[in-house]
Novice: 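One structure, as structure tokens, below. Some questions next.
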2 protein chains.
Amino acid sequence: MSIKKVAKLAGVSTATVSRYLNSPEQVKEKTRNKVQAAIDEVGYAPNALARNFRRGKTSLIVVVLPAIGDPFLDKVMRGIWRVADEQGYSILIRDTQSNSHEFDEYTEMVFSKQADGILLLASISPFHEAAPNRGGERAHPPLVLGLESVSAELSHFPSVRVDNITAAADGTDYLIQLGHQRIGFIAGKRDSLLTKDREKGYRKAMRKAKLAISSDWIVEGEQTIDGARRATRRLLELDQRPTALFCANDEMALGALHEIKSAGLKIPRDISVIGFDDIRYAEIADPPLTTIAQPAEEIGERSMRRLCQAIDAGDGDSTPEIVPHNLIVRKSTGKAPG
Amino acid sequence: MSIKKVAKLAGVSTATVSRYLNSPEQVKEKTRNKVQAAIDEVGYAPNALARNFRRGKTSLIVVVLPAIGDPFLDKVMRGIWRVADEQGYSILIRDTQSNSHEFDEYTEMVFSKQADGILLLASISPFHEAAPNRGGERAHPPLVLGLESVSAELSHFPSVRVDNITAAADGTDYLIQLGHQRIGFIAGKRDSLLTKDREKGYRKAMRKAKLAISSDWIVEGEQTIDGARRATRRLLELDQRPTALFCANDEMALGALHEIKSAGLKIPRDISVIGFDDIRYAEIADPPLTTIAQPAEEIGERSMRRLCQAIDAGDGDSTPEIVPHNLIVRKSTGKAPG
DNA sequence: TTGTAAGCGTTATCAT
DNA sequence: ATGATAACGCTTACAA
């Protein structure tokens with residue numbers, strides 16, 4: 001009952017107050033002043049709930065990410081926020097660590113009008129069951145995939161990312177050029193499409209160089225420091241241990257660095273290590289980490305723009321946007337020993 | 001027009017559908033089945049917007065934090081989420097890096113019903129101007145301070161945190177016991193109450209030990225790795241450089257470690273370093289970082305609970321909840337040289 | 001146990 | 001340029 005109060009006080013109709021709020025140019029200056037005075041007097045603030053209800057829009061975007069506190073997402077989020085602010089959206093964050101991994105849980109948020117769209121920056125299991133009848137409404141909510149590569153079920157949706165396969169192949173190539181032949185790979189979780197793709201790139205480069213891959217060389221690092229440390233330990237215990245290690249992301253590479261040094265080995269003299277993402281800790285790692293950088297902020301910005309399009313314009317095309325990656329050579333990689 | 005559709009299809013009134021949704025026990029089993037069948041058939045999902053509007057509740061909490069991608073907040077957020085899920089709240093995140101630092105901007109979100117409450121995990125400038133007349137409504141929105149210490153203006157609000165002064169004094173004491181006399185302090189930003197308190201603790205411990213503090217020893221590290229590196233460089237250039245360094249948080253300590261090593265000095269032989277927070281990178285730093293741990297998840301959980309109280313119960317008491325800190329000794333600290 | 005109907009605050013349509 | 005009013009989808013007295 002608040003716009004009403006203002007209206008009464010200003011001696012105008014509620015419609016005029018509403019117009020003043022939303023398109024002031026349609027209101028005569030004299031009236032504008034009266035309304036503004038009334039607003040100031042009662043300390044009126046528009047009820048966003050009512051407004052959104054009326055408009056059928058939440059002005060909220062769910063961003064689904066693996067874990068908050070991931071230093072890589074820091075930069076991605078900055079890009080997202082820039083566009084969100086510009087377009088009047090607020091960001092609702094869900095992480096798949098504390099919450100579920102079910103695709104439906106997030107689509108449901110759109111159908112039940114808790115959010116207008118979804119920005120997926122994490123791996124989840126798509127379409128747990130067949131989507132239920134949505135009463136004739138679009139079965140696909142506005143959704144954009146950032147970072148992750150796309151599984152078949154999700155290929156309808158637009159995505160913005162680097163070419164993970166090529167990028168990982170580039171990194172592996174670099175190690176091969178340094179003379180490494182036994183190259184290990186620390187992968188992420190089983191269900192992560194993204195690290196799966198990086199593994200593919202690694203395999204591809206090895207194959208191209210006609211280097212055999214022992215199945216012992218590929219270990220799961222669980223996308224965590226500790227997981228990577230365990231994985232590294234296993235790698236170091238091999239009879240013929242790798243002379244180089246490709247980690248599917250920097251977080252795991254950091255764990256690997258620590259574990260290798262703890263084992264009394266020197267980097268890169270005994271083992272070279274390469275990561276992926278170029279998080280801010282990569283540069284100050286000891287030794288500074290060679291890694292593959294992604295234009296994180298750009299990814300955030302562009303995926304958010306795509307999402308806005310999807311929301312406004314129905315859908316649009318869904319060809320993936322590929323952004324460039326960039327190998328950054330630091331001190332954690334060197335010539336193969338011997 | 002959707003609950004209506006369900007109602008018509010089920011041959012009941014909208015009220016019954018609503019009751020079924022909100023308190024099924026009030027509905028006869030036979031009716032329940034009819035309603036559920038209708039819901040399934042049309043693929044109905046309750047419109048959260050309408051529901052929240054009607055209830056006058058957004059079921060949203062704004063969490064204000066310095067930067068997403070801060071590894072310390074990772075753990076805090078997990079605690080927050082646990083309670084939020086339990087209580088049916090979603091989390092709206094704003095960071096003060098991309099957004100503004102104005103207190104009013106966040107309070108406004110409550111007054112305009114974009115959110116039900118505010119969880120402040122960052123320093124902001126409180127009450128830019130006198131709060132405008134809120135038309136008789138409560139001038140203070142539900143708000144809890146996590147982590148940060150409280151400035152005079154914000155002391156009305158409940159807070160949950162460690163005793164930063166005592167904790168920093170404990171850390172400093174530890175250095176003093178190791179024989180250090182020249183101890184530097186890398187502070188955060190000027191407007192961070194939290195690092196201000198840690199500085200106070202450092203000063204307190206020094207005073208108690210009757211050690212003089214040269215003004216050169218306290219430098220601003222801007223709460224970033226790079227800022228800390230610059231600050232460290234300045235400290236290393238002093239004629240009489242400190243033999244130990246207290247960094248107001250681990251992020252800065254990491255930068256300091258790197259810079260000290262880059263200068264060819266050994267840690268802790270030449271300089272000891274101590275941090276604050278015990279982020280996950282502290283343990284794998286080189287050398288592993290001595291630091292003061294906070295029960296991050298507990299802080300998140302308890303501050304969220306306080307906030308729920310503040311929302312439901314009006315206000316309640318606002319005495320700060322102090323949680324225990326814990327000095328974790330690793331390898332970055334050692335006896336004073338000489 | 002169920003139905004009727006008012007009302008939440010805003011926007012938008014249609015007159016004036 | 002402004003006013004009257006219906007409508008958005010849901011909840012909740014109050015009645016039956």
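Throughout, a chain's letter reflects where its sequence line sits, starting with A, and its residues are numbered from 1. All values derive from a computational prediction rather than experimental measurement.
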Novice: Would you say the side-chain atoms of R32(A) pair up with the backbone N or O of V27(A), donor to acceptor, closer than 3.5 Å?
Specialist: yes
Novice: Using rotation axes that map the C1' atoms of four end pairs onto the next four (five pairs an end), what angle separates the end axes of the helix from dT1(C)-dA16(D) to dT16(C)-dA1(D), to 10°?
Specialist: 30°
Novice: Using atom types as modelled and distance alone, determine if a side-chain donor or acceptor of T58(B) lies under 3.5 Å from a backbone N or O of L60(B).
Specialist: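 Yes.
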Novice: Compare the aromatic ring of F53(A) with the six-membered base ring of dC8(D) and state whether they stack according to the 5.5 Å and 30° rule.
Specialist: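 Per 5.5 Å and 30° rule: yes, stacked.
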Novice: What is the separation between atom CD on Q114(A) and atom C1' on dG9(D), rounded to the nearest whole Å?
Specialist: 15 Å
Novice: Can any side-chain N or O of S112(B) pair as donor or acceptor with the backbone N or O of A48(A) at less than 3.5 Å?
Specialist: no
Novice: Tell me: CZ of R54(B) to P of dG9(C), nearest whole Å?
Specialist: 10 Å
Novice: Angle between ring planes, F157(A) versus F103(A), binned at 30° and 60°: parallel, tilted or perpendicular?
Specialist: tilted
Novice: When the nearest nucleotide of DNA chain C is assigned to S18(A) and to R32(B) on a heavy-atom basis, which residue is associated with the more 5' position?
Specialist: R32(B)
Novice: When all nucleic acid strands are considered with a 4.0 Å heavy-atom cut-off, which category describes N52(A): base, sugar-phosphate, or nothing?
Specialist: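 N52(A): no heavy atom of the nucleic acid under 4.0 Å.
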Novice: May I ask you to evaluate whether R55(B) reaches the phosphate of dT11(D), defined as a side-chain N or O under 4.0 Å from OP1 or OP2?
Specialist: yes
Novice: Give the rounded distance in Å between these two atoms: CG of L49(B) and C1' of dG9(C).
Specialist: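 Value for this atom pair: 12 Å.
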Novice: Does any part of the side chain of E108(A), heavy atoms only, come nearer than 4.5 Å to the side chain of D104(A), both counted from C-beta?
Specialist: no
Novice: Nearest whole Å is fine: how far is dC8(C) C1' from K57(B) NZ?
Specialist: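 Distance, rounded to whole Å: 17 Å.
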Novice: With sequence neighbours left out, what residues match S13(B) under side chain to side chain contact (heavy atoms under 4.5 Å, CB included)?
Specialist: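 A15(B), T16(B).
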Novice: Would you list the protein and nucleotides 1-3 of chain D atom pairs, both N or O, that sit under 3.5 Å from each other?
Specialist:
{"from": "dT2(D)", "atom 1": "OP1", "to": "T31(A)", "atom 2": "OG1", "distance (Å)": "2.1"}
{"from": "dT2(D)", "atom 1": "OP2", "to": "K28(A)", "atom 2": "N", "distance (Å)": "3.0"}
{"from": "dG3(D)", "atom 1": "OP2", "to": "S13(A)", "atom 2": "N", "distance (Å)": "2.9"}
{"from": "dG3(D)", "atom 1": "OP2", "to": "S13(A)", "atom 2": "OG", "distance (Å)": "3.3"}
{"from": "dG3(D)", "atom 1": "OP2", "to": "T16(A)", "atom 2": "OG1", "distance (Å)": "2.7"}
{"from": "dG3(D)", "atom 1": "N7", "to": "R19(A)", "atom 2": "NH2", "distance (Å)": "3.0"}
{"from": "dG3(D)", "atom 1": "O6", "to": "R19(A)", "atom 2": "NH1", "distance (Å)": "3.3"}

Novice: Determine: side-chain N/O of Y44(A) to OP1/OP2 of dT10(C), distance under 4.0 Å, yes or no.
Specialist: yes
Novice: Is S2(B) close enough to dG9(D) that one of its side-chain N or O atoms is under 4.0 Å from OP1 or OP2 there?
Specialist: no
Novice: Can any side-chain N or O of D116(A) pair as donor or acceptor with the backbone N or O of S59(A) at less than 3.5 Å?
Specialist: yes
Novice: Starting from C1' on dT13(C), measure out to CG on N22(A) and report it in whole angstrom.
Specialist: 15 Å
Novice: Taking everything shown except E29(A) itself, do over 12 heavy atoms lie less than 6.0 Å from its CD?
Specialist: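 Atom CD in E29(A) is not packed in, count stays at 12 or less.
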Novice: Starting from C1' on dC8(C), measure out to CZ on R51(A) and report it in whole angstrom.
Specialist: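 After rounding, the reported distance stands at 16 Å.
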Novice: May I have the distance from K4(B) (atom NZ) to dA6(C) (atom P), rounded to whole angstrom?
Specialist: 13 Å
Novice: Between R161(A) and E148(A) (salt bridge meaning N to carboxylate O under 4.0 Å), is one present in this structure?
Specialist: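 Salt bridge between R161(A) and E148(A), a charged N being under 4.0 Å from a carboxylate O: no.
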Novice: Can you tell me the distance, in whole Å, between the NZ atom of K8(B) and the C1' atom of dG9(D)?
Specialist: 15 Å
